[in-house]
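The next block holds one structure in the form of structure tokens; read it before the comments.
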Amino acid sequence: MAFLNDETRVMLEDSVDKFLSAHYDFHQRRTWVEQEPGYNREHWQQFAELGWLGLPFAERHGGLGGDITDTLGLMRRFGGALVVEPYLSVVGLGGQAIAQADNHDVADSLLPELVAGKAMPVLAWEESISRGNSEHLATSARRIDGGWRLEGEKVAVIGGDLASHFVVSAQAFEDDAGPAVELFLVHADELQVTGFPTMDGHRGARLTLAAVDVDETRRLTRNGRGAEVLRQVLEQGIMMMAAEAVGGMQALLRRTLDYTRTRRQFGVPIASFQVLQHRMVDMYIAMKNLEHLLDAVAGRWEQAPSHARDSALLKAQLCQSGRYVGQQAVQLHGGIGMTDELDVGHYFKRLTALGLLFGDENYHLKRAWAAL
Amino acid sequence: METKSVDLQAFRREVRAFIEQEADESIREAGRKMTSFFPPFEQCMRWHRKLHARGWSAASWPEQYGGPGWSREQKRIFEEECRIAGVPRLLPQGLGMVGPAIMKFGTDEQKSRFLPGIASGEDFWAQGYSEPNAGSDLASLACRAEHRGDHYVINGSKTWTTYAHHANRMFLLVRTSNEGKPQQGISFFLIDRLDRPGLDIRPIIGLDGFPEQCDVFFDNVEVPLDCCLGEENQGWTVAKYLLEHERGGSASFAATFGMELNRIRERAAELGDGFGGILCDDPVFQQRFTRLYLEVAALDATESRFAAMEKGSPESGPMSSMIKITAMETLQRITELAVEVEGSPTLTLQLAALTVGAGAAPEGPEQALTVMPKYLNNRAATIFGGSNEIQRNIIAKMLLG
Ligand SMILES: Cc1cc2nc3c(=O)[nH]c(=O)nc-3n(C[C@H](O)[C@H](O)[C@H](O)COP(=O)(O)OP(=O)(O)OC[C@H]3O[C@@H](n4cnc5c(N)ncnc54)[C@H](O)[C@@H]3O)c2cc1C
Ligand SMILES: Cc1cc2nc3c(=O)[nH]c(=O)nc-3n(C[C@H](O)[C@H](O)[C@H](O)COP(=O)(O)OP(=O)(O)OC[C@H]3O[C@@H](n4cnc5c(N)ncnc54)[C@H](O)[C@@H]3O)c2cc1C
């Protein structure tokens with residue numbers, strides 16, 4: 001495990017700030033969201049040129065050799081600007097699953113392509129029965145001559161609409177052993193992709209795998225290691241989502257403070273009403289709770305990756321804080337907070353989505369309880 | 001009212017048979033695809049007119065204005081059957097708001113001119129209260145009307161006007177005087193046509209991606225002098241009377257919420273818990289569900305109290321505020337639970353499938369289709385009709401004096 005030095009981190013975050021303030025306008029975002037492919041392809045190329053796509057990948061794959069925690073500053077900023085490019089899906093989930101799996105040939109061929117902005121592998125793990133649990137799945141992989149036959153359905157595949165490849169989890173049935181979770185690489189044109197926009201301005205897909213045959217070279221994990229890789233990648237993903245949520249909440253709080261200071265009713269700024277002041281203080285506390293917990297969790301991760309309890313608590317906090325800050329930001333804006341025109345509602349929707357993805361509060365509190 | 005003994009069982013059967021017979025598929029589709037307080041317009045008004053043909057559109061109106069003369073039990077049965085069948089709830093602006101205000105404050109001429117169209121569903125009235133700078137502080141409204149010869153001339157703007165883009169009429173608060181307290185210079189206008197020159201209506205897109213509210217602009221719009229409901233400069237009295245109707249009076253929220261909870265419980269019996277069991281066996285789900293069930297039971301009890309109360313009495317205002325606060329917050333928690341029960345399929349944006357008559361099949365489970373838009377749209381429930389902060393201020397004033 002390697003980390004970027006502080007200087008590189010600062011430089012990088014500086015470049016993110018510069019890029020976003022120069023190129024990421026909320027009203028233009030609307031046109032990217034509404035048109036195909038649902039994000040700005042030129043941005044993605046610039047992300048590649050700026051080295052962002054290679055951040056958490058090894059140098060031999062063209063990356064910067066950083067750790068997932070090195071992406072958190074970037075994710076915060078992405079959250080603050082409502083970035084729709086599929087960084088979490090491709091770099092954080094699909095790419096990381098390949099990087100941490102056991103198939104070096106796939107990693108050596110695909111990751112340099114990802115880092116260059118060409119390949120877009122996306123993780124497909126969730127099913128209608130999952131409810132957050134990556135090890136509760138019905139998709140099966142059965143032995144056929146020279147490879148595997150995959151069968152099943154994946155839902156809510158975030159970024160699935162624009163993927164070049166999918167990393168698919170399945171219950172693999174070896175000849176005599178019981179089923180074990182393994183990961184497989186499937187090209188987007190080998191299965192049926194039903195793409196759709198999501199309510200937060202992103203894209204998603206449902207995947208139908210009806211007897212998709214892949215040869216042995218596309219098996220990414222062995223000996224049931226798929227479950228472990230999946231767990232670790234989802235834990236990383238939760239840290240990235242938490243960082244994005246912190247950025248989104250900061251933006252919402254700033255907007256709400258500004259708005260209530262300027263909006264006048266009854267002859268005074270509405271920020272002068274104590275009930276609203278306390279509400280904003282509680283928003284601030286909710287935001288800080290997530291921010292501080294994320295910093296603590298990321299710090300422990302850098303010592304030793306993967307803590308089931310930490311990531312479960314972090315996600316539960318994300319759900320709680322995100323819900324409160326999002327709902328109250330809308331409430332304190334009044335009618336204008338309910339419109340598509342103002343960005344406040346879009347932050348609220350993104351926070352709602354981040355809360356729902358990868359298991360809700362109830363699920364994660366149960367996971368945390370099991371890991372106490 | 002004479003006390004006739006009505007066979008309630010027979011009445012229920014009659015209502016059920018009527019709905020069965022008259023609510024066609026597109027009306028039912030509109031009912032299923034309701035995602036806010038305001039059902040899809042066209043189908044809703046068609047249903048309104050069908051009910052009117054049977055004499056049932058204005059359930060809570062006195063018989064002299066076209067009400068059916070039902071007892072409280074009958075009204076409840078009717079409401080229940082409508083909810084069970086899933087037909088759209090009728091829009092409140094005419095039947096529940098301006099209608100009762102016209103009955104109370106209108107001249108005979110105004111009553112005979114406007115009430116029949118409201119009852120029949122021929123007319124739809126939009127509510128023109130809020131302005132960009134007059135939201136919670138409604139009395140500060142600035143849209144003004146001036147006497148000029150034999151008419152008024154209106155200048156200014158309104159905003160958040162629900163369904164103004166569908167409306168043919170509008171009730172409007174305007175400033176007719178700057179003398180005295182802000183409340184004293186307000187008049188209540190009945191605008192009989194919205195195709196008047198200088199009147200411009202622009203829909204606003206909401207969080208769910210659909211237009212529901214509008215901006216309304218008045219640029220030297222002329223209206224006749226007899227459009228005033230009540231005395232000139234006495235509009236605040238009318239507005240307040242009507243707000244009370246809007247807040248708690250007209251609807252029974254508890255019955256509707258009970259249906260929503262039933263739907264959630266049914267789904268929880270079908271969906272998994274992520275560990276191989278079913279959701280409704282999850283004790284956390286059970287607690288959350290039952291707590292909401294309790295909230296609805298308490299709301300139901302308060303609503304019964306309120307229904308029996310003299311409107312306009314000192315307690316009825318704060319009581320309607322209390323119903324507004326608890327009902328809207330319970331509603332928001334119900335929509336929140338529904339999102340969690342359906343889970344990530346609710347993230348899919350489904351504008352086509354939500355459009356009545358578009359014929360687009362939903363992506364993912366049908367039951368999940370409306371869940372997210374309901375959650376999003378009902379954030380407005382604690383904002384409109386006087387925000388919950390404002391309602392709490394009203395109750396505080398009662399408690400503290
Ligand atoms: C267990 C205990 C130990 C203590 N130890 C010490 C000690 O060692 N030394 C010492 O000097 N004092 C001590 N105190 C006193 C303590 O600091 C006071 O109780 C405290 O400052 C509150 O003052 P009060 O009790 O007069 O309540 P008040 O100030 O009268 O407040 C009553 C209520 O009104 C609320 N309130 C007041 N002003 C506002 C406002 N502007 N906005 C919103 N709400 C408001 C308060 O939050 C409170 O809920 C102690 C108190 C307790 C209970
Ligand atoms: C879906 C929807 C439908 C609507 N339909 C209509 C319609 O058909 N016709 C119509 O006329 N209007 C309509 N409205 C407008 C609605 O009545 C206003 O949005 C509402 O009165 C709040 O005003 P505002 O939006 O200007 O918010 P503001 O008044 O600016 O309030 C902003 C925030 O400040 C808080 N606040 C304000 N004053 C105080 C105070 N004194 N103490 C504490 N907190 C305070 C509010 O509670 C809110 O949280 C609709 C609104 C929505 C969202």
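What you see is a predicted model, and the numbers here were worked out from it, not measured in a lab. The analysis underlying the following values was restricted to heavy atoms, covering all of them including side chains, and did not include hydrogens, waters or symmetry mates. Residue numbers start from 1 in every chain, and the chains themselves are labelled A, B, ... in the order their sequence lines are given, proteins ahead of strands.
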Measuring heavy-atom distances to chain A, does B:A139 have an atom under 4.5 Å in its side chain, in its backbone, in both, or in neither? neither
Audit row: B:E329, B:R392, salt bridge (Lys or Arg N to Asp or Glu O under 4.0 Å) steps and yes/no: CA-CA 13 Å; B:E329 291 174 10; B:R392 284 187 165 86; 2.9 Å; yes
Can a side-chain donor-acceptor contact be found between A:R367 and A:S311 if the only test is distance below 3.5 angstrom? yes
Applying a strict 4.5 Å limit to non-hydrogen atoms, the region of B:T346 in contact with chain A is both
Where does B:D282 contact chain A at under 4.5 Å (heavy atoms): side chain, backbone, both or neither? side chain
Whatever's closer than 4.5 Å to a heavy atom in chain A on B:L351 counts as neither
Do you know which of A:F273, A:F266, A:F358, A:F348 has the most heavy-atom pairs with chain B at a distance under 4.5 angstrom? A:F266
Under 4.5 Å to a heavy atom of chain A? For B:E212 that would be neither
Sub-6.0 Å ring centroid separation between B:H165 and B:F41: no
Are A:R206 and A:Q192 close enough that some pair of their side-chain heavy atoms sits under 4.5 Å apart? no
Quick one: what part of A:T339 sits under 4.5 Å from any heavy atom of chain B, side chain, backbone, both or neither? both
Can you tell me if A:S169 and A:K154 form a side-chain donor-acceptor pair at under 3.5 Å? yes
Is A:E126 in contact with chain B via its backbone, its side chain, both, or neither, using a 4.5 Å heavy-atom distance? side chain
If you measure only the distance, is there a donor-acceptor pair under 3.5 Å linking the side chains of B:E336 and A:Q327? yes
Looking only at B:N133, B:L207, B:D273, the option with the highest number of non-hydrogen pairs under 4.5 Å against chain A is B:L207
Using a cut-off of under 4.5 Å for heavy-atom pairs, which of A:E341, A:H346, A:E361, A:R279 has the most such pairs with chain B? A:R279
Answer with yes or no after comparing the ring centroid distance for B:F210 and B:F38 against a 6.0 Å cut-off, counting only values under it. no
Cut-off 4.5 Å, heavy atoms of chain B, and the answer for A:S128 is neither
Quick check on B:Y375 against chain A: is it the side chain, the backbone, both or neither that has a heavy atom closer than 4.5 Å? side chain
Below 4.5 Å from any heavy atom of chain B, which atoms of A:R203 appear? Answer side chain, backbone, both or neither. neither
Taking side chain as everything from C-beta outward and backbone as N, CA, C, O, which of these in B:P132 sits under 4.5 Å from a heavy atom of chain A? Side chain, backbone, both or neither. backbone
Most contact-rich option vs chain B, by heavy-atom pairs under 4.5 angstrom, among A:G335, A:G355, A:G132, A:A156, is A:G335
Tell me which of these, A:L137, A:L365, A:T352, has more heavy-atom pairs under 4.5 Å with chain B than the rest. A:T352
For B:I204, which atoms come within 4.5 Å of any heavy atom of chain A: side chain, backbone, both, or neither? side chain
Report the option among A:Q331, A:K349, A:M199 that has the most heavy-atom pairs separated by less than 4.5 Å from atoms of chain B. A:Q331
Hey, what's the ring geometry for B:F285 with B:F289, parallel, tilted or perpendicular (30° and 60° as the breaks)? tilted
Under 4.5 Å to a heavy atom of chain A? For B:E340 that would be both
